[in-house]
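Accompanying notes for the structure given below.
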Amino acid sequence: MKKAIKTSILLLVIACMVVSLLACGKKGTSGEGNGEGLTEDELSVLSAINPDKYKGKTVIFSFSYMGTDEEEEAKATKDVLALNRWSRTARKTFEDATGATIINRPTPAGEDYITRIVTEVTAGVGPDIVNFWPTQKPSWMLKNILIPLSDYIDFESPVYQDKIGVGTGRSVSRQVLEYYTWMGKIYGINGVQMSARVYYNKELFENAGLEDPLELWKRDQWTWDKFFEDGVALTVDKNGDGQPDQWGHITWFYEDGFMASNNVEFVTYDEMGLPRFALDEKFVRAKQAADEQVTKYKMTPPVWWDPNPQERFWNGESAMDYWGYWEMPNMVNNMGEKLGIVPFPRGPDLPPDKKNRDTAEVVAFGITSNSKDPDLAALYLEWVFFEPRDPEEEAKSSEEAYAQYGSKEMYELAMSWAESGAILVPEAYGQGFMDALNKILN
(Lines give C-alpha, C1' and ligand atoms only; values in the text may rest on other atoms or scores of the structure.)
Protein backbone atom coordinates (compact mmCIF):
# COMPACT_ATOMS: atom_id res chain seq x y z
CA MET A 1 0.00 0.00 0.00
CA LYS A 2 2.74 2.42 0.97
CA LYS A 3 4.65 1.87 -2.29
CA ALA A 4 1.56 2.39 -4.40
CA ILE A 5 0.69 5.60 -2.56
CA LYS A 6 4.23 6.89 -2.76
CA THR A 7 4.51 6.19 -6.47
CA SER A 8 1.23 7.96 -7.18
CA ILE A 9 2.31 10.97 -5.14
CA LEU A 10 5.64 11.14 -6.92
CA LEU A 11 4.13 10.95 -10.37
CA LEU A 12 1.91 13.90 -9.53
CA VAL A 13 4.32 15.98 -7.48
CA ILE A 14 7.48 15.46 -9.50
CA ALA A 15 5.74 16.36 -12.74
CA CYS A 16 4.37 19.54 -11.24
CA MET A 17 7.24 20.71 -9.07
CA VAL A 18 10.67 19.33 -9.89
CA VAL A 19 11.31 21.50 -12.87
CA SER A 20 10.28 24.73 -11.16
CA LEU A 21 13.57 24.69 -9.31
CA LEU A 22 15.44 25.41 -12.50
CA ALA A 23 14.64 29.09 -12.15
CA CYS A 24 13.67 29.44 -8.52
CA GLY A 25 16.13 31.15 -6.28
CA LYS A 26 19.32 31.05 -8.33
CA LYS A 27 21.60 33.97 -8.89
CA GLY A 28 21.85 35.86 -12.14
CA THR A 29 25.17 36.74 -13.72
CA SER A 30 26.57 39.84 -15.28
CA GLY A 31 28.99 40.51 -18.09
CA GLU A 32 31.96 39.80 -15.84
CA GLY A 33 31.37 36.05 -16.09
CA ASN A 34 29.98 33.46 -13.72
CA GLY A 35 32.77 32.96 -11.21
CA GLU A 36 34.25 30.09 -13.22
CA GLY A 37 35.91 32.20 -15.87
CA LEU A 38 33.10 32.12 -18.42
CA THR A 39 31.79 35.30 -20.01
CA GLU A 40 28.20 35.96 -21.01
CA ASP A 41 29.08 35.25 -24.64
CA GLU A 42 30.52 31.89 -23.68
CA LEU A 43 27.40 31.04 -21.67
CA SER A 44 25.03 32.21 -24.39
CA VAL A 45 23.79 29.77 -27.01
CA LEU A 46 22.18 32.55 -29.04
CA SER A 47 25.23 34.71 -29.68
CA ALA A 48 26.14 33.09 -33.02
CA ILE A 49 22.69 32.17 -34.34
CA ASN A 50 21.91 32.72 -38.00
CA PRO A 51 18.14 33.48 -38.11
CA ASP A 52 17.94 32.43 -41.77
CA LYS A 53 18.69 28.83 -40.77
CA TYR A 54 15.59 28.45 -38.57
CA LYS A 55 13.20 31.08 -39.92
CA GLY A 56 9.68 29.69 -40.32
CA LYS A 57 10.39 26.41 -38.52
CA THR A 58 8.39 25.12 -35.55
CA VAL A 59 9.22 23.21 -32.36
CA ILE A 60 6.38 21.54 -30.41
CA PHE A 61 7.03 20.96 -26.73
CA SER A 62 4.60 18.51 -25.10
CA PHE A 63 4.55 18.20 -21.32
CA SER A 64 2.60 16.35 -18.65
CA TYR A 65 0.26 18.98 -17.33
CA MET A 66 -3.51 18.61 -17.23
CA GLY A 67 -4.29 21.87 -18.95
CA THR A 68 -7.00 22.38 -21.53
CA ASP A 69 -7.13 26.05 -22.43
CA GLU A 70 -4.90 29.06 -22.97
CA GLU A 71 -5.24 30.33 -19.42
CA GLU A 72 -4.28 26.97 -17.96
CA GLU A 73 -1.37 26.68 -20.38
CA ALA A 74 -0.08 30.04 -19.21
CA LYS A 75 -0.29 28.85 -15.61
CA ALA A 76 1.42 25.57 -16.48
CA THR A 77 4.28 27.21 -18.28
CA LYS A 78 4.77 29.70 -15.47
CA ASP A 79 4.28 27.60 -12.34
CA VAL A 80 5.08 24.08 -13.49
CA LEU A 81 7.76 24.35 -16.09
CA ALA A 82 10.56 26.44 -14.65
CA LEU A 83 8.55 29.58 -14.01
CA ASN A 84 9.18 32.11 -16.77
CA ARG A 85 11.74 29.97 -18.58
CA TRP A 86 9.03 28.33 -20.62
CA SER A 87 6.58 31.25 -20.61
CA ARG A 88 5.36 33.22 -23.58
CA THR A 89 7.69 36.11 -22.77
CA ALA A 90 10.72 33.86 -22.63
CA ARG A 91 9.72 31.99 -25.78
CA LYS A 92 9.39 35.26 -27.64
CA THR A 93 13.06 36.08 -27.02
CA PHE A 94 14.08 32.79 -28.57
CA GLU A 95 11.63 33.19 -31.44
CA ASP A 96 12.88 36.70 -32.18
CA ALA A 97 16.47 35.49 -32.26
CA THR A 98 15.86 32.44 -34.44
CA GLY A 99 12.79 33.27 -36.52
CA ALA A 100 11.31 29.96 -35.33
CA THR A 101 8.02 29.30 -33.50
CA ILE A 102 7.79 27.40 -30.19
CA ILE A 103 4.45 25.77 -29.37
CA ASN A 104 3.84 24.57 -25.79
CA ARG A 105 1.31 21.77 -25.74
CA PRO A 106 0.13 20.51 -22.34
CA THR A 107 -1.52 17.10 -22.12
CA PRO A 108 -5.33 17.42 -22.20
CA ALA A 109 -7.20 16.59 -19.01
CA GLY A 110 -8.04 12.91 -18.66
CA GLU A 111 -5.30 11.61 -20.94
CA ASP A 112 -2.32 9.54 -19.84
CA TYR A 113 0.77 11.49 -20.87
CA ILE A 114 3.15 8.56 -21.37
CA THR A 115 0.63 6.57 -23.43
CA ARG A 116 -0.10 9.62 -25.56
CA ILE A 117 3.57 10.30 -26.33
CA VAL A 118 4.33 6.67 -27.22
CA THR A 119 1.24 6.46 -29.45
CA GLU A 120 1.97 9.72 -31.25
CA VAL A 121 5.66 9.07 -31.81
CA THR A 122 4.98 5.52 -33.00
CA ALA A 123 2.47 6.95 -35.49
CA GLY A 124 4.95 9.59 -36.63
CA VAL A 125 2.94 12.58 -35.38
CA GLY A 126 4.64 13.21 -32.04
CA PRO A 127 6.08 16.46 -30.67
CA ASP A 128 9.71 17.57 -30.83
CA ILE A 129 10.46 17.91 -27.10
CA VAL A 130 9.02 15.88 -24.23
CA ASN A 131 9.59 15.41 -20.55
CA PHE A 132 9.98 11.93 -19.06
CA TRP A 133 11.02 10.01 -15.93
CA PRO A 134 13.54 7.36 -14.89
CA THR A 135 10.87 4.76 -15.56
CA GLN A 136 11.25 5.48 -19.29
CA LYS A 137 14.87 4.30 -19.30
CA PRO A 138 15.85 2.33 -21.30
CA SER A 139 12.56 1.51 -23.05
CA TRP A 140 12.26 4.90 -24.78
CA MET A 141 15.82 4.65 -26.02
CA LEU A 142 15.42 1.09 -27.25
CA LYS A 143 12.06 1.79 -28.93
CA ASN A 144 13.40 4.91 -30.66
CA ILE A 145 10.96 7.21 -28.89
CA LEU A 146 13.93 9.45 -28.06
CA ILE A 147 17.04 10.32 -30.03
CA PRO A 148 20.40 11.17 -28.44
CA LEU A 149 20.79 14.77 -27.32
CA SER A 150 24.53 14.29 -27.51
CA ASP A 151 24.25 14.07 -31.31
CA TYR A 152 23.17 17.73 -31.29
CA ILE A 153 24.63 19.22 -28.10
CA ASP A 154 28.33 19.44 -27.31
CA PHE A 155 28.37 18.18 -23.73
CA GLU A 156 32.14 18.64 -23.68
CA SER A 157 31.77 22.42 -23.88
CA PRO A 158 32.67 24.45 -20.75
CA VAL A 159 29.08 25.08 -19.65
CA TYR A 160 28.49 21.35 -19.13
CA GLN A 161 31.50 20.63 -16.97
CA ASP A 162 31.25 20.02 -13.21
CA LYS A 163 30.49 23.15 -11.20
CA ILE A 164 30.33 25.36 -14.28
CA GLY A 165 27.27 27.53 -13.96
CA VAL A 166 26.18 26.07 -10.61
CA GLY A 167 24.63 28.87 -8.60
CA THR A 168 24.14 31.10 -11.62
CA GLY A 169 20.66 29.96 -12.53
CA ARG A 170 22.16 28.44 -15.66
CA SER A 171 23.46 24.99 -14.93
CA VAL A 172 22.52 21.38 -15.57
CA SER A 173 22.47 18.37 -13.29
CA ARG A 174 25.44 16.07 -13.77
CA GLN A 175 23.45 13.23 -12.23
CA VAL A 176 20.67 13.66 -14.77
CA LEU A 177 23.10 13.62 -17.69
CA GLU A 178 24.79 10.50 -16.34
CA TYR A 179 21.57 8.67 -15.48
CA TYR A 180 20.00 9.31 -18.88
CA THR A 181 23.08 8.10 -20.72
CA TRP A 182 22.47 4.95 -22.72
CA MET A 183 25.12 3.10 -24.76
CA GLY A 184 27.42 6.11 -24.57
CA LYS A 185 24.78 8.64 -25.67
CA ILE A 186 23.01 11.27 -23.53
CA TYR A 187 19.22 11.37 -23.91
CA GLY A 188 17.99 13.57 -21.05
CA ILE A 189 18.80 16.94 -19.55
CA ASN A 190 17.58 19.03 -16.63
CA GLY A 191 18.84 21.61 -14.20
CA VAL A 192 20.34 21.07 -10.77
CA GLN A 193 17.36 20.33 -8.52
CA MET A 194 16.86 19.85 -4.83
CA SER A 195 16.87 16.32 -3.41
CA ALA A 196 15.02 14.75 -0.49
CA ARG A 197 16.17 15.66 3.00
CA VAL A 198 15.56 14.87 6.66
CA TYR A 199 13.18 17.45 8.10
CA TYR A 200 13.66 17.61 11.86
CA ASN A 201 12.12 19.40 14.81
CA LYS A 202 14.85 21.53 16.40
CA GLU A 203 12.77 22.09 19.51
CA LEU A 204 12.37 18.36 20.22
CA PHE A 205 16.11 17.78 19.75
CA GLU A 206 16.93 20.67 22.07
CA ASN A 207 14.44 19.56 24.74
CA ALA A 208 15.97 16.07 24.69
CA GLY A 209 19.47 17.51 25.12
CA LEU A 210 20.57 16.28 21.68
CA GLU A 211 22.93 18.08 19.35
CA ASP A 212 21.51 19.66 16.20
CA PRO A 213 21.84 17.13 13.30
CA LEU A 214 23.13 19.83 10.95
CA GLU A 215 26.07 20.49 13.27
CA LEU A 216 26.77 16.75 13.38
CA TRP A 217 26.65 16.63 9.58
CA LYS A 218 29.16 19.49 9.34
CA ARG A 219 31.60 17.39 11.39
CA ASP A 220 30.86 14.25 9.36
CA GLN A 221 29.34 12.62 12.45
CA TRP A 222 25.76 12.29 11.16
CA THR A 223 25.71 8.52 10.62
CA TRP A 224 23.18 5.69 10.81
CA ASP A 225 24.37 4.88 14.34
CA LYS A 226 23.76 8.46 15.49
CA PHE A 227 20.41 8.54 13.68
CA PHE A 228 19.24 5.42 15.55
CA GLU A 229 20.64 6.68 18.85
CA ASP A 230 18.78 9.97 18.52
CA GLY A 231 15.66 8.26 17.17
CA VAL A 232 15.45 6.06 20.27
CA ALA A 233 15.96 9.07 22.58
CA LEU A 234 13.20 10.96 20.78
CA THR A 235 10.66 8.11 20.98
CA VAL A 236 8.72 8.91 24.14
CA ASP A 237 5.63 7.69 26.01
CA LYS A 238 4.50 11.07 27.30
CA ASN A 239 1.17 10.05 28.85
CA GLY A 240 2.39 6.85 30.46
CA ASP A 241 -0.04 4.50 28.74
CA GLY A 242 2.74 2.16 27.63
CA GLN A 243 2.65 3.31 23.98
CA PRO A 244 4.84 5.99 22.39
CA ASP A 245 3.03 9.18 21.49
CA GLN A 246 6.20 10.80 20.11
CA TRP A 247 8.30 8.92 17.57
CA GLY A 248 11.85 9.43 16.39
CA HIS A 249 11.14 9.06 12.66
CA ILE A 250 8.02 8.64 10.51
CA THR A 251 8.16 8.89 6.71
CA TRP A 252 6.71 7.73 3.42
CA PHE A 253 10.34 7.13 2.35
CA TYR A 254 10.64 4.17 4.70
CA GLU A 255 13.61 2.56 2.85
CA ASP A 256 14.75 5.13 0.31
CA GLY A 257 17.07 7.16 2.51
CA PHE A 258 18.92 4.05 3.65
CA MET A 259 19.35 2.87 0.07
CA ALA A 260 20.65 6.18 -1.26
CA SER A 261 22.91 6.89 1.71
CA ASN A 262 24.51 3.43 1.59
CA ASN A 263 25.64 3.81 -2.04
CA VAL A 264 23.10 1.29 -3.36
CA GLU A 265 22.53 1.13 -7.12
CA PHE A 266 19.32 -0.80 -7.72
CA VAL A 267 19.65 -1.46 -11.39
CA THR A 268 22.23 -1.64 -14.15
CA TYR A 269 21.50 -2.62 -17.76
CA ASP A 270 23.17 -4.75 -20.36
CA GLU A 271 23.39 -3.64 -23.98
CA MET A 272 20.05 -5.27 -24.76
CA GLY A 273 18.36 -3.17 -22.09
CA LEU A 274 17.81 -6.06 -19.71
CA PRO A 275 17.99 -4.99 -16.05
CA ARG A 276 20.36 -6.47 -13.53
CA PHE A 277 19.31 -5.90 -9.94
CA ALA A 278 22.01 -5.11 -7.42
CA LEU A 279 20.90 -7.27 -4.50
CA ASP A 280 24.34 -7.06 -2.93
CA GLU A 281 25.54 -6.62 0.65
CA LYS A 282 25.03 -2.86 0.52
CA PHE A 283 21.40 -3.39 -0.47
CA VAL A 284 20.80 -6.01 2.23
CA ARG A 285 22.33 -3.79 4.94
CA ALA A 286 20.15 -0.86 3.86
CA LYS A 287 17.03 -3.04 3.78
CA GLN A 288 17.83 -4.42 7.24
CA ALA A 289 18.51 -0.96 8.68
CA ALA A 290 15.18 0.33 7.36
CA ASP A 291 13.33 -2.57 9.00
CA GLU A 292 15.24 -2.11 12.26
CA GLN A 293 13.64 1.31 12.68
CA VAL A 294 10.57 -0.68 13.74
CA THR A 295 11.84 -4.08 14.87
CA LYS A 296 15.01 -3.26 16.82
CA TYR A 297 15.04 0.43 17.70
CA LYS A 298 11.25 0.86 17.81
CA MET A 299 11.63 4.52 16.79
CA THR A 300 9.15 4.22 13.89
CA PRO A 301 5.58 2.91 14.31
CA PRO A 302 4.76 -0.37 12.52
CA VAL A 303 2.06 1.48 10.55
CA TRP A 304 3.94 4.57 9.41
CA TRP A 305 1.66 5.56 6.54
CA ASP A 306 -1.54 6.24 8.48
CA PRO A 307 -2.01 8.96 9.65
CA ASN A 308 -0.03 11.02 7.14
CA PRO A 309 3.65 11.28 8.18
CA GLN A 310 3.79 15.00 7.35
CA GLU A 311 0.86 15.88 9.59
CA ARG A 312 2.30 13.81 12.41
CA PHE A 313 5.59 15.66 12.06
CA TRP A 314 3.86 19.05 12.06
CA ASN A 315 1.86 18.04 15.14
CA GLY A 316 5.00 17.11 17.07
CA GLU A 317 4.24 13.37 16.95
CA SER A 318 7.58 12.67 15.24
CA ALA A 319 10.97 14.35 15.49
CA MET A 320 12.17 13.53 11.95
CA ASP A 321 10.58 13.02 8.54
CA TYR A 322 12.60 12.06 5.43
CA TRP A 323 10.68 13.47 2.50
CA GLY A 324 10.92 15.43 -0.74
CA TYR A 325 12.14 18.98 -1.29
CA TRP A 326 8.71 19.90 -2.69
CA GLU A 327 7.30 19.83 0.84
CA MET A 328 9.54 22.71 1.95
CA PRO A 329 6.88 25.47 1.73
CA ASN A 330 4.40 23.42 3.77
CA MET A 331 7.11 22.51 6.25
CA VAL A 332 8.02 26.17 6.75
CA ASN A 333 4.38 27.20 7.09
CA ASN A 334 3.65 24.50 9.67
CA MET A 335 6.92 24.42 11.62
CA GLY A 336 8.33 27.95 11.45
CA GLU A 337 11.55 28.42 13.44
CA LYS A 338 11.40 24.83 14.74
CA LEU A 339 12.21 23.40 11.30
CA GLY A 340 15.65 22.05 10.47
CA ILE A 341 16.90 20.20 7.39
CA VAL A 342 19.88 17.91 6.91
CA PRO A 343 20.89 15.12 4.49
CA PHE A 344 20.07 11.55 5.39
CA PRO A 345 22.83 10.15 7.65
CA ARG A 346 25.77 8.36 6.04
CA GLY A 347 25.58 4.62 5.59
CA PRO A 348 28.50 2.31 6.41
CA ASP A 349 29.13 1.44 2.74
CA LEU A 350 29.31 5.01 1.45
CA PRO A 351 32.96 5.62 0.51
CA PRO A 352 34.73 8.27 2.62
CA ASP A 353 35.36 10.44 -0.44
CA LYS A 354 31.64 10.55 -1.33
CA LYS A 355 29.25 13.17 0.02
CA ASN A 356 25.95 12.20 1.63
CA ARG A 357 23.57 10.88 -1.03
CA ASP A 358 19.86 11.61 -0.91
CA THR A 359 17.01 10.30 -3.01
CA ALA A 360 16.37 12.22 -6.23
CA GLU A 361 13.63 11.12 -8.65
CA VAL A 362 13.82 13.54 -11.52
CA VAL A 363 12.14 14.64 -14.70
CA ALA A 364 14.29 14.95 -17.80
CA PHE A 365 13.75 16.65 -21.15
CA GLY A 366 14.60 15.07 -24.48
CA ILE A 367 13.98 15.11 -28.22
CA THR A 368 11.75 12.58 -29.96
CA SER A 369 12.52 10.68 -33.13
CA ASN A 370 9.64 12.60 -34.76
CA SER A 371 11.47 15.92 -34.63
CA LYS A 372 12.03 17.36 -38.11
CA ASP A 373 14.57 19.86 -36.79
CA PRO A 374 16.31 18.21 -33.83
CA ASP A 375 19.16 20.74 -33.96
CA LEU A 376 16.64 23.55 -33.40
CA ALA A 377 14.93 21.60 -30.61
CA ALA A 378 18.32 21.01 -28.97
CA LEU A 379 19.16 24.70 -29.30
CA TYR A 380 15.92 25.60 -27.51
CA LEU A 381 16.70 23.22 -24.66
CA GLU A 382 20.15 24.75 -24.28
CA TRP A 383 18.70 28.24 -24.32
CA VAL A 384 16.23 27.36 -21.57
CA PHE A 385 19.05 26.32 -19.27
CA PHE A 386 21.71 28.90 -20.08
CA GLU A 387 20.14 32.15 -21.21
CA PRO A 388 20.06 34.88 -18.52
CA ARG A 389 16.78 36.05 -17.07
CA ASP A 390 15.69 39.57 -16.35
CA PRO A 391 17.91 40.81 -13.44
CA GLU A 392 14.95 42.08 -11.40
CA GLU A 393 13.03 38.85 -11.90
CA GLU A 394 16.13 36.83 -11.02
CA ALA A 395 16.74 38.82 -7.86
CA LYS A 396 13.12 38.48 -6.78
CA SER A 397 13.01 34.68 -7.20
CA SER A 398 16.38 34.39 -5.43
CA GLU A 399 15.17 36.35 -2.43
CA GLU A 400 12.02 34.24 -2.25
CA ALA A 401 14.09 31.04 -2.19
CA TYR A 402 16.51 32.40 0.41
CA ALA A 403 13.59 33.46 2.59
CA GLN A 404 12.03 29.99 2.36
CA TYR A 405 15.26 28.33 3.47
CA GLY A 406 15.95 30.93 6.14
CA SER A 407 19.07 32.35 4.52
CA LYS A 408 21.09 32.44 1.35
CA GLU A 409 23.70 30.23 2.99
CA MET A 410 21.15 27.53 3.90
CA TYR A 411 19.68 27.54 0.40
CA GLU A 412 23.09 27.16 -1.21
CA LEU A 413 23.91 24.37 1.23
CA ALA A 414 20.76 22.53 0.15
CA MET A 415 21.79 23.07 -3.48
CA SER A 416 25.15 21.47 -2.73
CA TRP A 417 23.38 18.42 -1.26
CA ALA A 418 21.32 18.13 -4.42
CA GLU A 419 24.47 17.75 -6.52
CA SER A 420 24.99 14.32 -4.91
CA GLY A 421 21.42 13.08 -5.40
CA ALA A 422 20.88 9.39 -6.22
CA ILE A 423 18.25 8.37 -8.77
CA LEU A 424 16.79 5.08 -7.49
CA VAL A 425 13.71 3.58 -9.13
CA PRO A 426 12.93 -0.01 -8.10
CA GLU A 427 9.24 0.81 -8.57
CA ALA A 428 9.90 1.14 -12.30
CA TYR A 429 9.67 -2.62 -12.56
CA GLY A 430 6.23 -2.82 -11.04
CA GLN A 431 4.70 -4.07 -7.83
CA GLY A 432 5.41 -7.67 -8.89
CA PHE A 433 9.14 -7.01 -8.67
CA MET A 434 8.76 -5.29 -5.31
CA ASP A 435 6.67 -8.17 -3.93
CA ALA A 436 9.20 -10.75 -5.14
CA LEU A 437 12.05 -8.70 -3.70
CA ASN A 438 10.39 -8.48 -0.31
CA LYS A 439 9.72 -12.24 -0.29
CA ILE A 440 13.38 -12.97 -1.01
CA LEU A 441 14.66 -10.64 1.70
CA ASN A 442 12.05 -11.41 4.34
Side-chain angles (χ1 to χ4, degrees), residues 1-10 12-13 194-217 222-261 289-345 358-359 404-406 410 414:
M1 177 180 179
K2 172 260 190 183
K3 286 291 183 183
I5 293 173
K6 190 189 82 172
T7 302
S8 298
I9 292 172
L10 287 172
L12 291 171
V13 175
M194 297 298 190
S195 55
R197 71 284 303 263
V198 175
Y199 296 96
Y200 63 95
N201 187 319
K202 292 182 179 180
E203 187 176 88
L204 294 183
F205 272 82
E206 184 178 348
N207 291 344
L210 301 173
E211 187 171 1
D212 189 297
L214 184 61
E215 297 305 314
L216 291 168
W217 173 82
W222 183 232
T223 63
W224 283 6
D225 287 342
K226 186 59 178 172
F227 175 73
F228 288 134
E229 178 186 326
D230 287 356
V232 170
L234 290 160
T235 301
V236 182
D237 176 13
K238 293 182 177 180
N239 59 16
D241 66 355
Q243 297 295 325
D245 37 39
Q246 176 185 298
W247 299 88
H249 184 225
I250 306 178
T251 175
W252 289 112
F253 281 167
Y254 177 71
E255 298 174 348
D256 304 58
F258 291 98
M259 297 296 175
S261 67
D291 291 341
E292 286 179 345
Q293 295 177 97
V294 175
T295 60
K296 179 179 179 179
Y297 299 103
K298 303 185 187 303
M299 57 181 275
T300 296
V303 179
W304 65 86
W305 57 86
D306 187 20
N308 185 300
Q310 279 68 56
E311 293 178 2
R312 295 166 90 169
F313 178 67
W314 298 335
N315 293 335
E317 295 176 39
S318 69
M320 293 180 282
D321 177 13
Y322 187 60
W323 193 228
Y325 61 86
W326 57 79
E327 199 73 62
M328 191 69 182
N330 289 331
M331 289 290 184
V332 172
N333 290 338
N334 283 278
M335 298 295 291
E337 296 296 322
K338 295 187 294 185
L339 181 67
I341 61 172
V342 69
F344 200 85
D358 284 296
T359 300
Q404 185 179 101
Y405 279 79
M410 194 65 218

Side chain to side chain, V332 and Y405, heavy atoms closer than 4.5 Å
no
Does some side-chain heavy atom of L214 sit less than 4.5 Å from a side-chain heavy atom of W222?
no
Chi angles and distances behind the side chain to side chain contact (heavy atoms under 4.5 Å, CB included) call for E211, F205:
CA-CA 7 Å; E211 187 171 1; F205 272 82; over 6 Å; no
Check whether any side-chain heavy atom of F253 lies under 4.5 Å from a side-chain heavy atom of V198, and answer yes or no.
no
Take M331 and Q310, measure what side chain to side chain contact (heavy atoms under 4.5 Å, CB included) needs, and give me the verdict at the end.
CA-CA 8 Å; M331 289 290 184; Q310 279 68 56; 4.1 Å; yes
Would you call L204 and Q246 a side-chain contact if the rule is heavy atoms closer than 4.5 Å?
yes
Distance from D256 atom CG to W323 atom CH2, nearest 0.5 Å?
8.5 Å
The reported gap from CE in M410 to CD in Q404 (rounded to nearest 0.5 angstrom) is 12.0 Å
N/O donor-acceptor pair under 3.5 Å between Y199 side chain and G324 backbone
yes
Could you tell me if the side chain of M335 sits less than 4.5 Å from the side chain of K202, heavy atoms only?
no
Can you measure from CD1 (I250) to CG (D306) and round to the nearest 0.5 angstrom?
11.0 Å
Just one of D212, D230, D321 clears the side chain to side chain donor-acceptor pair (under 3.5 Å) bar with Y200, so which one?
D212
Measure from the ring center of F258 to the ring center of W224 and say whether it is less than 6.0 Å.
yes
Counting C-beta onward and ignoring hydrogens, is there a side-chain heavy-atom pair between E229 and K226 closer than 4.5 Å?
yes
Interatomic distance, CD@Q293 vs OG1@T295, rounded to 0.5 Å, equals 9.0 Å
Kindly indicate whether the side chain of M328, heavy atoms from C-beta on, has any atom under 4.5 Å from the side chain of I341.
yes
Between N239 (side chain only) and D245 (backbone N and O only), is there a donor and an acceptor less than 3.5 Å apart?
no
Under 3.5 Å: donor-acceptor pair, side chain of N315, backbone of E317
no
What's the verdict on side chain to side chain contact (heavy atoms under 4.5 Å, CB included) for Y254 and V294, showing C-alpha distance, side-chain angles and the deciding distance?
CA-CA 10 Å; Y254 177 71; V294 175; 3.9 Å; yes
Measure the spacing between CH2 of W304 and OG1 of T251 and express it to the nearest 0.5 Å.
10.0 Å
Determine whether W247 and M320 satisfy the following criterion, side chain to side chain contact (heavy atoms under 4.5 Å, CB included), listing intermediate values before the conclusion.
CA-CA 8 Å; W247 299 88; M320 293 180 282; over 6 Å; no
Are Y322 and T359 side-chain neighbours, meaning at least one heavy-atom pair lies under 4.5 Å?
yes
Can you confirm whether more than 12 heavy atoms, excluding those of E215, are under 6.0 Å from its CD atom?
yes
Distance-minimising heavy-atom pair for W217 and V342
CB-CG2, 3.7 Å
Mind checking the CH2-CG spacing from W314 to N330? Nearest 0.5 Å is all I need.
4.5 Å
Closest non-hydrogen atom pair between F344 and S261, with its separation:
CD2-OG, 3.4 Å
If I compare all heavy atoms of L210 with all of L234, which pair ends up nearest, and what's the gap?
CD1-CG, 3.7 Å
What is the ring orientation for F227 with H249, classed by angle as parallel under 30°, tilted 30 to 60°, or perpendicular over 60°?
perpendicular
